[in-house]
Amino acid sequence: MYITLKMEIQEEVFTLDLNLANRAGRIYRQQFERDILKDMSDLYRKLHRNPLDIFDLTGFDAEGKTEEEIHDELMSRVNVDKLMTFQSESIPLDFEETERAGQIIWAFAKNRKESIPSYEDWIDEFDFVLPVEKIIPALYEAWGKSAKPIIELKN
């Protein structure tokens with residue numbers, strides 16, 4: 001599936017042509033010896049936190065409890081450190097995560113256009129910081145939408 005991401009960066013429209021086909025995963029593994037699905041998923045989860053993550057739900061069972069009992073139990077399971085982090089506007093990616101995100105984007109771009117140079121040369125072509133925190137979620141969601149199989153079970 002081909003997609004073009006358009007972004008306004010420094011008051012200019014920037015486009016990125018990508019191919020979301022599975023070959024990008026092979027390009028990524030060959031170049032960086034990493035799993036593109038795992039890395040994309042890890043980055044996506046960091047950028048899109050789940051509000052339930054502030055609770056330690058290990059062994060939690062709501063069956064047979066009143067709403068008040070459930071509330072009290074949940075409040076006793078709040079992880080204060082996670083709550084404070086969750087309340088901040090965003091969790092910034094560290095350098096390694098930002099680099100990994102750039103490499104993922106490069107693999108999808110390379111999958112679209114074979115003539116794209118090596119990752120290092122490609123990333124150096126930009127005179128701005130690539131907004132990976134916006135691109136990775138868009139890629140993750142687009143890739144998920146492109147892979148909706150229809151499964152028919154037969155007895």
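For the single chain, residues carry numbers from 1 onward in sequence order.
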(request) Flag the pair M7 / F128 as yes when at least one side-chain heavy-atom distance between them is below 4.5 Å, and no otherwise. (result) no
(request) Any chance you could measure I3, atom CD1, to L20, atom CG, to the nearest 0.5 Å? (result) 4.5 Å
(request) Write down the atom of Y119, the atom of E99, and the distance for their closest heavy-atom approach. (result) CE2-OE2, 3.1 Å
(message) Between W106 and Y28 (side chain of the first, backbone of the second, donor and acceptor by atom type, cut-off under 3.5 Å), is there such a pair?
(response) no
(message) Show the nearest heavy-atom pair for residues A107 and A24, with the distance to one decimal.
(response) CB-O, 3.7 Å
(request) Give a yes or no on whether a salt bridge exists between D42 and K46, defined as a side-chain N under 4.0 angstrom from a carboxylate O. (result) no
(message) Return the CZ to CD distance between R112 and E114, rounded to the nearest 0.5 Å.
(response) 13.5 Å
(request) Specify whether Y140 and Y44 have parallel, tilted or perpendicular ring planes, treating 30° as the upper limit for parallel and 60° as the lower limit for perpendicular. (result) parallel
(request) May I ask you to check whether over 12 heavy atoms, not counting those of E67, lie within 6.0 Å of atom CD? (result) no
(request) Please answer: with hydrophobic residues joined when any side-chain heavy atoms are less than 4.5 Å apart, are M75 and F60 in the same cluster? (result) yes
(message) If I take atom CD from residue E68 and atom CD from residue E73, how far apart are they, to the nearest 0.5 angstrom?
(response) 13.0 Å
(request) Quick one: pull up CD1 in I27 and CD in Q103 and give me the separation to the nearest 0.5 Å. (result) 13.5 Å
(message) Ignoring hydrogens, what is the shortest heavy-atom contact between K110 and I116? Give both atom names and the distance.
(response) NZ-O, 2.5 Å
(request) Write down the atom of P117, the atom of E125, and the distance for their closest heavy-atom approach. (result) CG-OE2, 3.5 Å
(request) With side-chain contact (heavy atoms from CB on, under 4.5 Å) as the test, would you mind laying out the steps for L47 and L93 before giving the verdict? (result) CA-CA 8 Å; L47 293 167; L93 298 178; 4.0 Å; yes
(message) Can a donor-acceptor pair be found, under 3.5 Å and without considering hydrogens, that links the side chain of N111 to the backbone of A21?
(response) yes
(request) Begin with the C-alpha distance, continue with both residues' side-chain angles, and end with the deciding distance and a verdict on side-chain contact (heavy atoms from CB on, under 4.5 Å) for I36 and R29. (result) CA-CA 7 Å; I36 198 168; R29 179 170 299 283; over 6 Å; no
(message) I need the minimum non-hydrogen distance between A101 and V132, along with the two atoms involved.
(response) CB-CB, 3.6 Å
(message) Count I, L, V, M, F, W, Y as connected when their side-chain heavy atoms are under 4.5 Å apart, and connections chain through other members. Are Y2 and I104 then in the same cluster?
(response) no
(message) Main chain of I70, side chain of K65: is a donor-acceptor contact present, judged purely on distance under 3.5 Å?
(response) no
(message) What's the separation between atom CD1 in I135 and atom CD1 in I105, rounded to the nearest 0.5 Å?
(response) 4.0 Å
(request) With rounding to the nearest 0.5 Å, note down the distance linking NZ in K113 to CG in N19. (result) 13.5 Å
